[in-house]
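Everything numeric in this text was worked out from a predicted model, so none of it was measured. Here is how names work: the chains are called A, B, and so on, in the same order as the sequence lines, proteins then strands, and each is numbered from 1.
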Amino acid sequence: MTLADLVPLLPLLIVSSTAVLLMLQIGIRRSHKVTVVIALSGLLLATVVAVLMMPTMNQQLTPLLIIDQYSLFFTAVCCAAAMVIVILSYPYLSRLDDDKDEYYLLLVIATVGAIVMVSSNHFVSTILGLETLSMSLYGMVAYPLHSKESAKYPLEAAVKYLVLSAVSSSFMLFGMALIYAQTGTLAFSSLDSDAAVSLSDSYAIVGVLLLISGMAFKLSLAPFHMWTPDVYEGSPLPATAYLATIGKTAMFVVLLRFVIVTEALRYEAVMIVFSLIAVLSILAGNVLALLQNSLKRILAYSSIAHMGYLIIAVIASYFATSTISIEAVTFYLLAYMIMSLGAFGVASVVSSSEKEFDLVSDYQGLFWRDPWLALIFTGMLLSLAGIPLTIGFIGKFYLFFAGVESALWVLLLVLVVGSGIGLFYYLRIVYHLLLPAPTRPQFSSAANENLGAYGVLTILFLLLLLLGVYPARLMTLIETVAAFI
Amino acid sequence: MILVALIGILFLGGVLAWLSERLDSKLPRVIALAALVLDLLLMLTLLGGDSADGSWIVALNVQWLPRFGISFHLAADGLSVLLLLLTAFLGIIAVGSAWIEITERSGFFYFNLLWTLAGVLGVFTALDLFLFFFFWEVMLIPMYFIIAIWGHENKNYAAMKFFLFTQVTGMLMLVAILTLAYFHYIQFGFFSFDYFDLLRVTTSSAVEMWIMLGFFVAFTTKLPIVPFHSWLPDAHSQAPTAGSVILAGVLLKTGAYGLIRFAVPLFPVASLNFAPIAMALAALSILYCAKVAFAQTDLKRLIAYTSVSHMGFVLLGVYAWNEIALQGAVMTMLAHGLSAAALFMLAGSLQHRIHTRDMRDMGGFWAKVPRMSAVALFFSIAALGMPGLGNFIGEFLALLGAFQSNLPMTVLATFGLIFASVYSLWVIQKIFHGEYSNSKFNDSHLSDLSRRELAYFGAMILGLVWMGMYPQSFLDLTATALQGLLAGTQELVSTVVQN
């Protein structure tokens, strides 16, 4: 291995060395500010490098990692999202009566895992990346353990996540083992239709289904979604945001690559399972979200539904002749990232590790108390609902287009019904924002203290609008990138 | 460019109005009025314009999202221009009606008002189906806010219902648009959402029918037509007056416009086959809602049901699809826009004065408020279709045209005119005649129409008389556009009829 071979790994190496640097810094002298600055600059550097490398790079590096435009695109997106979460975490954790530095260490390590996942086309790197990501997330979820009244149940959430996540990982491992027992290799390509050793159908189906159930758990797709609301509710808000955005996105990229490379959907059983998962997720997510009063639980159920929407595009990719369904997944993942970060970000800005404002009624009259924050929140919610002028609308347009192209009429109908139900709970939150403000508001506007977080939210909001009105350049980029998968 | 300016002025004016609230709470309404007057003046310059290429007076076509062949394509012909004028005119009236009614958060109110109208202008001029859908949805959210924030006692329910109905059916239309665009891709090898490209798509008749239904459901929900009408009475009764004016006067017309511009020309054969059902729904809508209107005690709900009933004539005229019927449909849209808006404003000003809409509590107002009563009588008579006023011309032409294509449904629909006289006069009798009693409400603020109110009611009366006395000036304006639409479909339809 020469030095030149390391170049494609640069983003990964930068983020890893940021983690090492953070560890050293914590050993020398603890300082919340310095930790944040180091984490931010490392992630920023990785983002920039990934963006610069994107136009030219396309290389299988060892059997484990593929560094192509698609993986670099998501590397950049994940690093940028991690930066946003770091900036949101700083005010959130600043009042925590405990050491704060390790949280950022965990966050950076989790990002390493995410980068490995988006670059993996091999079962080994999938598991390595996934476990790195999950292990760090357990720590992040449980982080404000000693805070006084804090996020309600961080420990409960972490243990729940740990146990269920471990079970699902073992499902995945078993699936991989079954496939390996037949083919003798662990690369995704060992399963495709013209592989050297072809799998017997029963082995392949059981193996793939086990793998998919493990992935569906991580993506909180129904019927593997039970953990989602509890873990979301119990985690500190920035960790929830991480779990909901980067955690999901990295897993989805793996799923997409797996499905495309292995052509797993050519098995009828797999196709049926995928369709069922999509329908169940959309309906369960949207219907159960109606019953919630907690913002985090609403967003948890809505994320179940959104992942279901995405599965439709994955299914569409099998029938389609063009790459539009892959572009749809890519665009929607990016859109989902922006709007979820925004929605969790708003809640995180007004909350802290000592007191979270999680009930919908806490936000009553926000429009008249803090118009800018309320406007951002409204924008994010309307985008989640898929209303024009926002990126969510273009994302939904992509999904519809993918569905129409592959003539998935039943799934499209479910998508229409699901989005219709979705309007209820998104608009309910918006409606609460518009009600007259209570005489004694729960929290006061904190714009002056949290300039950084407000700035980041503003940037997300502007991106949301800009990409909702003029997404042409992003579309072109995604079109080029999607050709690589 | 002028079309972009028209829409841009309203978007920008909305933002300015919102920001200006910080300086002075009276500033937003002035800005809103100025933006709308400016728009109206700009639109008037379109009237003299000569149609250079065919029937389009102005057009603009810029690439927007090349990946999907989506362009920013705006254009206006006589039909569009007429509806643009209606929008700006009623926008000004709506600002007038909100002038003193809206005191809380006026900046945000006028922001929403102008953005709704901007969306409507976009709908009336968009010739790219993606762009059309985009504007179609843009007008919803501000309208939701108008109902949800400034509405009456049951506003959340009404706003949600309005939004759900229109949004869900809108998504069905999106699927239909995408399917159509996809068939275009299969047939011609490139993506396009352009109106003229999609006109050339031919599909099997079953597929065409399904796609057409996607459009039909979205448009008839907005129009609305039985059985998709149930959001309208709630939305109207809960909306503030200005919201009702926009809703009845302009928003409903986007549905009719969609039918005329898109649903029929894009799918001529399916529309021809579907016409008997559509016309039956129209007749049902006219009779059923007239009957239901008669049973209402809430003044605004009553007017809302009469709205649905009158919109039935529009649907009848559109699906008769001949020039006379279409002219009638367009005239009905314009005349109903004015008369329904005026009636809602009268109901609103009554509610503003005595804080109730319950007609059982009212009676004998003629002696108390003679000018208001006279104005109400005028608009009721206009709504029931008195010859000499705009509504009569519209409904008469629609029926005359429909007579040639579907006799039984036309005969049935004609009974709607009789019912209309019954409920209109009944309302007048109930509220303005009889014994006056103030036992159920506080009448300390029951004053007659102010000068401001007289001014805008006067303008609307003038409009209706003009439409009734000299309809040719309107018919001439739309004739070229409608003949163009008819000619496009005629060929296809006639071949099918021969087979």
Side-chain angles (χ1 to χ4, degrees), chain A residues 320-324 327 331 367-368 371 375 378-379 382 385-390 393-394 396-409 412-413 415-424 426-428 430-436 468-479, chain B residues 11 18-19 21-22 63-68 70 72 104-105 107-108 115 119 122 130-131 133-141 144-145 148-150 155-157 159-160 163-183 185-186 191 193 207 210-211 214:
Chain A
T321 44
S322 66
T323 56
I324 282 200
E327 291 163 45
F331 192 97
F367 235 97
W368 322 116
L375 190 67
T378 312
L382 294 182
I387 306 294
L389 292 174
T390 64
F393 169 67
I394 307 284
K396 209 155 253 175
F397 173 75
Y398 257 112
L399 292 186
F400 272 112
F401 201 101
V404 166
E405 194 194 12
S406 304
L408 307 171
W409 305 118
L412 281 177
L413 191 68
L415 179 56
V416 169
V417 172
S419 314
I421 303 172
L423 291 174
F424 263 116
Y426 294 125
L427 282 184
R428 194 166 70 100
V430 173
Y431 182 70
H432 268 93
L433 299 180
L434 295 170
L435 283 176
V469 175
Y470 189 67
R473 299 187 64 172
L474 180 65
M475 282 177 167
T476 321
L477 174 69
I478 284 179
E479 191 187 351
Chain B
F11 275 131
W18 194 359
L19 292 177
E21 193 186 4
R22 296 199 169 189
Q63 226 179 34
W64 184 21
L65 304 176
R67 178 74 182 102
F68 293 101
I70 293 167
F72 193 82
E104 269 178 74
R105 292 154 195 155
F108 193 48
W115 275 48
F130 179 85
L131 187 65
F133 181 77
F134 185 84
F135 282 124
W136 181 264
E137 299 270 295
V138 161
M139 57 188 186
L140 294 187
I141 281 285
Y144 167 83
F145 282 153
I149 302 180
W150 294 275
K155 55 193 178 184
N156 188 24
Y157 171 78
M160 186 71 93
F163 196 79
L164 273 182
F165 266 71
T166 40
Q167 170 77 19
V168 171
T169 54
M171 266 186 292
L172 291 178
M173 178 165 73
L174 178 62
V175 175
I177 292 176
L178 289 171
T179 316
L180 188 62
Y182 184 63
F183 275 104
Y185 174 67
I186 292 178
F191 287 124
F193 283 80
V207 173
W210 279 109
I211 306 179

Contact origin within A:L412 toward chain B - heavy atom pairs under 4.5 Å
side chain
Largest heavy-atom contact set with chain B, pairs under 4.5 Å, which of A:L415, A:V416, A:L413:
A:V416
Please identify each residue that fulfils side-chain contact (heavy atoms from CB on, under 4.5 Å) with A:L375, with sequence neighbours left out.
A:F367, A:W372, A:F461, B:W18
Which one of B:L140, B:N156, B:I186, B:V175 has the most heavy-atom pairs closer than 4.5 Å to chain A?
B:N156
For the atom pair OH (A:Y431) and NZ (B:K155), what is the distance rounded to the nearest 0.5 Å?
5.0 Å
Which answer fits A:I394, side chain, backbone, both or neither, if we ask what part of it has an atom under 4.5 Å from a heavy atom of chain B?
side chain
A:L382 versus B:Y144: any side-chain heavy-atom pair under 4.5 Å?
no
For the rings on A:F397 and B:F130, is their centre-to-centre separation under 6.0 Å?
yes
Can you tell which part of A:S419 gets under 4.5 Å to a heavy atom of chain B, answering side chain, backbone, both or neither?
both
Could you work out, with side chain to side chain donor-acceptor pair (under 3.5 Å) as the rule, every residue matching A:S406, not counting sequence neighbours?
none
How would you list, by chain and number, every residue that makes a ring-ring contact (aromatic ring centres under 6.0 Å, His included) with A:F401, sequence neighbours excluded?
B:F68, B:F191
Any side-chain heavy atom of A:F400 within less than 4.5 Å of one from B:I177?
no
Which portion of A:V417 sits near chain B, non-hydrogen atoms under 4.5 angstrom
neither
Any side-chain to backbone donor/acceptor pair from B:W64 onto A:V469? Under 3.5 Å, distance only.
yes
The reported gap from CD1 in B:I141 to OG1 in A:T378 (rounded to nearest 0.5 angstrom) is 9.0 Å
Which atom pair, heavy atoms only, marks the closest approach of B:I149 to A:L434?
CD1-CD2, 3.5 Å
Pick one of side chain, backbone, both or neither for B:I70, based on which atoms fall under 4.5 Å of a heavy atom in chain A.
side chain
Can you tell me how far CZ of B:F163 sits from CD1 of A:I387, rounded to the nearest 0.5 angstrom?
3.5 Å
In short, A:I324 meets B:R67 closest at the heavy-atom pair CG1-NH2, 3.3 Å
Spell out the residues in residues 164-171 of chain B that have some non-hydrogen atom less than 4.5 Å away from a non-hydrogen atom of chain A, in order of number; otherwise answer 'none'.
B:L164, B:Q167, B:V168, B:M171
Is the OH atom of B:Y182 crowded by more than 12 outside heavy atoms at less than 6.0 Å?
yes
Heavy-atom proximity to chain A below 4.5 Å, by part of B:F134
both
Provide the closest heavy-atom pair for A:P388 versus B:E137 in the form atom of the first, atom of the second, distance.
CG-CB, 3.0 Å
Is any side-chain heavy atom of A:Y470 closer than 4.5 Å to a side-chain heavy atom of B:F72?
no
Report the distance from atom CH2 of A:W368 to atom CD of B:E104, rounding to the nearest 0.5 Å.
8.5 Å
Proximal component of B:F135, with respect to chain A [non-hydrogen, under 4.5 Å]:
neither
Looking at every heavy atom in both A:A472 and B:L65, which two are closest together, and how far apart are they?
N-CD2, 3.7 Å
Between A:I478, A:T476, A:L389, which has the largest tally of heavy atom pairs under 4.5 Å with chain B?
A:L389
